[in-house]
Every structure is written in structure tokens, then in C-alpha cells.
Colleague: 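Here's a structure for you.
Proteins come first, then strands; the chains are lettered A, B, ... in the order of their sequence lines, and each starts at number 1.
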Number of protein chains: 2
Amino acid sequence: MLTIGQLAKYVGVSTKTIRVYHAKGLLPEPDRDSSGYRRYGAEAVVDLLRIRTLAEAGVPLATIRNLGAGQELAAALQQIDDDLTDRIRGLEATQARLRELASGDVQLLPAEVDVHLRGLAELGFSAQWVAMERDLWIIVFATYPETGDELFRDQAGALAEPALRELYLEYDRARDLEPDDPTLVDLADRIVAASIERYGSDLPGQAIDPNLPQLLQNTVNASSPAWQRLDQLIRRRLG
Amino acid sequence: MLTIGQLAKYVGVSTKTIRVYHAKGLLPEPDRDSSGYRRYGAEAVVDLLRIRTLAEAGVPLATIRNLGAGQELAAALQQIDDDLTDRIRGLEATQARLRELASGDVQLLPAEVDVHLRGLAELGFSAQWVAMERDLWIIVFATYPETGDELFRDQAGALAEPALRELYLEYDRARDLEPDDPTLVDLADRIVAASIERYGSDLPGQAIDPNLPQLLQNTVNASSPAWQRLDQLIRRRLG
DNA sequence: ATGCGACCTTGCCCCTAGGGCAAGGTCAAC
DNA sequence: GTTGACCTTGCCCTAGGGGCAAGGTCGCAT
């Protein structure tokens, strides 16, 4: 008959772990010897190995205690196996991201985007606009690096068209207007028309993550009450 | 600028998680807006994604906070990557054991061992001896299923030899002797001689796990003071 | 028979990484 | 102007043990 320490060493757990399993009703308390020590038989070894296998698979102890039998047990084990497969896949994905983080030296923005941002100032955009746009691109590339390029090329293309560039400049200049300034209504109308002409009813980026445009817009809105009003007007028109 | 909820949803964590990271100094507290709400910029998104990658890799938050830079950081990341590889391997091993557990219907002993145990009674062994030997085999097969067969074949071979079988029977009968019975000394001598003749100086099973023979012997000893004395005498001679 | 080190007992508090709830303030939309 | 969805801080709770205290016990050597 084994003492708790022998059992623990043999199965590769601590004595504390075994006592916890007793306290939680996972492993029956064995008989005590004349001096009150717990004495374990062979079934305890088998039970404990079974409990450890399940616990290492991530099954909560309370669940291990209540695993059914027969049909029910088989279904539960299948579920546990599937979950385990998912966790392994998840860890592999995490490892991939970890390696990007280690090797990539995490440059926040592609070089071409930095060039683009520096060019904005020369086109007449305010420093606040440039800073805000930089933040937006960081968010986009941090969360969707692969499609960020596509969005960026679209944006660069839009700025290459003089009419659209003028519209963006007006947007920038509207920042310090009062939210009830009547020129905002006219500006909103022209932005809606240009947007529909260029994109139809689907905003760029929407296919990637339906929340993305809203998130970016919220970031813009927070900088200025006039911009917030402008967004309201635009969305009212786009439906 | 993002609120805590927007940031949380975007990165895929709870707001509580972000507050915890602030409290632990992992993520700097951002500025507050006029009503006291936290407002986050793009760096927070980048920082949070980095923290989550590390946290999902199993790095404790306190460690994440203190990751160095440059050379030191690279070494730490390599260590984390290696640990992650180990954990993935471990989970795959756990999954393999889980499937054994699910499919194998966990029969404690191979059929041939059960036959062997039933045969012992007919050879004149006591019920206690048979029960004890059953426990021993359960422990062996539970912990080393692949080499249990080999040990078992050796044991069956030993019992097939009349002289050795008689020695085992004497061992069994010694159970209820007083520990200071002088016949134990003679029995120990003959057991040592037979053991050396059969195995040389290496006990069977020792190659698998150096603790295994001792563990099994402890189980035997616990049943009887005479057996414990016998073990002492034998080890003093072999030792 | 006495000491020693390694074991065992119960009971208690501590940790991580958050979850959940309360009580109150705020925002946006109808 | 009310309603629902946010936000704030503060507090307690959880799982799966780790670690310590204060005491009892074992086997082995002296």
C-alpha cells in the first residue's frame, strides 16, 4: 500500500494535488493506517492517471467528477477531444503571430504609407488631419495587414483625383466649424454624391469587417463636433 | 479616439481585461475625455494586440511587463517560443492518452494476466497473495503498459520452474511469522541465491524506472511485518 | 533511547487572470 | 425626456493549486 507521497511521485503530481482531488470528490479518500496516514491501493493509481489525463486536457475538475458513463461518457470524451484539437490549433496560430512579432521588428506602417502621410502636408492638409490619418492606418494595418494595402491604394487613388482631393480638404477645414453651420449640409451632399459615384452603395473595407468603417469613423468623429455632425448628415443620406 | 468598449471589441477581449492590464501596468492609462471616459489612440491597439499574443502564448502578465529590449527581448521571445512548442507537444501527447482512454474501455489487466492470477490459487498461493499480486500488476500495466508484458512473461517463466515456485510459496507462507523468526534469515539467503542465479545483479524492471522495484516492494512490505523484515534481510545481502 | 531527516496530518492564507455585480454618471436616439 | 447601451470605481468570487505553520510519525544511526 502506498503513502500519499509515493503515489504522488509515481504519477507525477504533488501531494497537495491529491488532497485537492479528495476534497473535490474526484478521488475517494482511502483507508487510513494506524497512525492516520492515507494508504492507497492500485485502483488509486489508475484513477489518478485517468484524472490527470483529463485535467491536462483542460477539463475542469468539477466536470471530471460528473462525467457520465457509457453513451454519455463517449460523447463527453469526443467533445473534450475536439476542444483539445481547437486549443492546439489556437496555440499554433499564436506561435505564428509570436514569430511575426519576434522577427518582424513590428514596423507600424509600410514605408509607402509613411511617404503618403508626409505628402499630405504638402497638399494642404492640417497637421491634425495627418496625425489622425496616421492613427487610422495604424489601426487598419495592425488588424488587417493583408488587406490594408488594398485600402491604401484606393485611398491614394482617390487623392490623385483633383475633385476628390478638394473634397477631403474641405472635410479637413470643416473641423473647427460650429456643428450647426449650414455649409456642412452642402458639404455632406457633395460627399455623398462623390462616394456613390466612386463606390456605389458599398463602402471600402466593409467586406473585411463590417465594424471597421464605423470604428474608423468614430475615431474621426471624436476629434471634432463638426465632423461628428457631418457623419450624421452623411449617414442619414446613405441610409 | 476609441472608448474602452470599442477597443475591447476590436481586439477581441473584455473591457475588464483592459482595465486589469492598466492596473498591472502592462498598458498605459490613456487620457480621459471630459466625462472621465478613457480614450484610446492607435498605439493602444498595437500594444494590446502584442500583449494578447504573449498572454495567449502563456506568458504571465508580470513577465510581459518586464520583457526587456533588443538582445534581451529576442532571447526572451525565443524562450517563449520554445516553451510554446513544448506545450503543444504535451497537449498532443495528452490527446493520444485521451483517445486510449476513450477507445480502450480501460481494461485494467490483459486477459492472460487474469488467467495467471486465477492459476495461482490452484498452485497453493493464499488469497491475500493473489490480491496483492493483482494490485502490483495493475500498477505496472497502468504506468508502463508496453513493458508490462515483458515483466509478466518473466514472472510466468519463474513460476514454471518448480524450485522457484516453491520459493515463492515459502515467501507467501512467511507472511504471518514473527519478524524475528529465525527461518526468515535462511529464506532470505536462498532467495538471494536464486535471484542472482536468474538475474545477476540487475533486478527486472529496474531499467524501466529505477523506482519501480522499490515501489512494488513497499506495497508488498505493507502487508506484513515479516515480509518487511525479509525485504530488509535481502537488501542487506544484495545491497 | 535519543536524535535526525524525511515523511504525514489539518488548517489557513496567497496567487493568477479575470468574471460579475452594484451604484452611480453619460451618451445617443427616438 | 426617457430608454438602452455605454462608462466609472469598488468589491467579492472563482479554479487549481503553492506554501507555511504546528504538530505527529517513521526508519535509521548512533
Colleague: Give a yes/no on whether any side-chain N or O of A:Ser35 is located under 4.0 angstrom from OP1 or OP2 of D:dC26.
Modeller: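 Yes, because at least one side-chain N or O of A:Ser35 sits under 4.0 Å from OP1 or OP2 of D:dC26.
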Colleague: Has A:Arg19 got a side-chain N or O lying under 4.0 Å from the OP1 or OP2 atom of C:dT9?
Modeller: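 Answer yes for this pair, as a side-chain N or O of A:Arg19 is under 4.0 Å from OP1 or OP2.
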Colleague: What distance do A:Leu7 atom CG and A:Asp47 atom CG have between them, rounded to the nearest 0.5 Å?
Modeller: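 The distance works out to 10.0 Å.
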Colleague: Separation of A:Tyr40 atom OH from C:dC8 atom C1', in whole Å?
Modeller: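 Answer to the nearest Å: 11 Å.
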Colleague: Any donor-acceptor pair under 3.5 Å between the side chain of A:Lys24 and the base of D:dG16?
Modeller: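 Answer no: no donor N or O sits under 3.5 Å from an acceptor.
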Colleague: Under 4.0 Å: is that the gap between some side-chain N or O of A:Thr3 and OP1 or OP2 of C:dC7?
Modeller: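 The answer is no; no side-chain N or O of A:Thr3 sits under 4.0 Å from OP1 or OP2.
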Colleague: Ion pair present between A:Arg39 and A:Asp31, side-chain N to carboxylate O less than 4.0 angstrom?
Modeller: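 Looking at A:Asp31 together with A:Arg39, the answer is no, because their closest N to O distance does not fall below 4.0 Å.
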Colleague: What is the distance, to the nearest angstrom, from the CD1 atom on B:Ile4 to the C1' atom on D:dT9?
Modeller: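 Going from B:Ile4 (CD1) to D:dT9 (C1'), I get 12 Å.
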Colleague: Identify whether the distance between the nearest side-chain nitrogen and carboxylate oxygen of A:Asp180 and A:Arg229 falls below 4.0 Å.
Modeller: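 So A:Asp180 does not pair with A:Arg229 through a salt bridge.
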Colleague: Taking N and O atoms by type only, does the side chain of A:Lys16 place a donor or acceptor under 3.5 Å from a partner on the base of D:dG16?
Modeller: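 Answer is no: no donor-acceptor pair is held.
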Colleague: Indicate, yes or no, whether a donor-acceptor pair under 3.5 Å links the base of D:dG17 to the side chain of A:Tyr21.
Modeller: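 No, the side chain and the base share no sub-3.5 Å donor-acceptor pair.
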Colleague: Please report, rounded to the nearest Å, how far the C1' atom of C:dA29 is from the CG atom of A:Leu233.
Modeller: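 Rounded to whole Å, this separation is 15 Å.
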Colleague: How close or far is atom C1' of C:dC7 from atom CG of A:Leu7, stated in whole angstroms?
Modeller: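 Distance check: A:Leu7 CG to C:dC7 C1' gives 15 Å.
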Colleague: Between atom CD1 in A:Ile64 and atom C1' in D:dG17, what is the gap in whole Å?
Modeller: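 That distance rounds to 14 Å.
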Colleague: What is the separation between atom CG on A:Leu2 and atom C1' on C:dC7, rounded to the nearest whole Å?
Modeller: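 For the pair A:Leu2 CG and C:dC7 C1', the rounded distance is 15 Å.
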Colleague: Whether A:Gln6 contacts C:dC7 is assessed here as follows: a side-chain N or O lying under 4.0 Å from the phosphate OP1 or OP2. Is that the case?
Modeller: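 Result: no.
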Colleague: By nearest heavy atom, map B:Asp33 and B:Val59 onto DNA chain C; which one lands nearer the 5' end?
Modeller: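 Nearest-nucleotide comparison on DNA chain C picks B:Val59.
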Colleague: Please pick, from D:dG16, C:dC8, C:dA17, the nucleotide with the shortest atom-to-atom distance to any side-chain atom of B:Leu61.
Modeller: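 It is C:dA17.
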Colleague: Salt-bridge test for B:Arg190 and B:Asp186: reply yes if a basic N is under 4.0 Å from a carboxylate O, no otherwise.
Modeller: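 Between B:Asp186 and B:Arg190 there is a salt bridge, with a charged N closer than 4.0 Å to a carboxylate O.
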Colleague: Start at the 5' end of DNA chain D and walk down; is the nucleotide closest to A:Ser34 or to A:Val20 reached first?
Modeller: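 That would be A:Val20.
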Colleague: Measure from CG on A:Leu27 to C1' on D:dG17 and round the result to the nearest Å.
Modeller: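 Taking CG of A:Leu27 and C1' of D:dG17, I get 16 Å after rounding.
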Colleague: It should be established whether B:Thr17 places a side-chain nitrogen or oxygen under 4.0 Å from OP1 or OP2 of nucleotide C:dG19.
Modeller: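 Affirmative; the distance criterion is met.
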Colleague: So what does B:Arg65 hit on the nucleic acid, given a heavy-atom distance under 4.0 Å: a base, only sugar-phosphate, or nothing?
Modeller: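 Touches nothing.
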Colleague: Examine C:dC8: is either OP1 or OP2 under 4.0 Å from a nitrogen or oxygen in the side chain of A:Thr15? Give yes or no.
Modeller: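 Indeed not, no polar side-chain atom of A:Thr15 lies that close.
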Colleague: Do the non-hydrogen side-chain atoms of B:Leu54 and B:Ile51 ever get within less than 4.5 Å of each other?
Modeller: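 Not touching, per the 4.5 Å side-chain cut-off.
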Colleague: Rounded to whole Å, please give me the gap between CD in B:Gln228 and P in D:dC26.
Modeller: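 Those two atoms, CD and P, are 11 Å apart.
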Colleague: Indicate whether OP1 or OP2 belonging to C:dT10 is found under 4.0 Å from a side-chain N or O atom of A:Arg32.
Modeller: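 True: A:Arg32 side-chain N/O within range (under 4.0 Å) of C:dT10 OP1/OP2.
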Colleague: Respond yes when some side-chain nitrogen or oxygen of A:Arg38 is under 4.0 Å from OP1 or OP2 of C:dT9, and no when none is.
Modeller: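 So the side chain of A:Arg38 is within the cut-off, an N or O lying under 4.0 Å from OP1 or OP2 of C:dT9.
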Colleague: Can a salt bridge be assigned to the pair B:Arg97 and B:Glu100 using a cut-off of 4.0 Å between side-chain N and carboxylate O?
Modeller: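 No.
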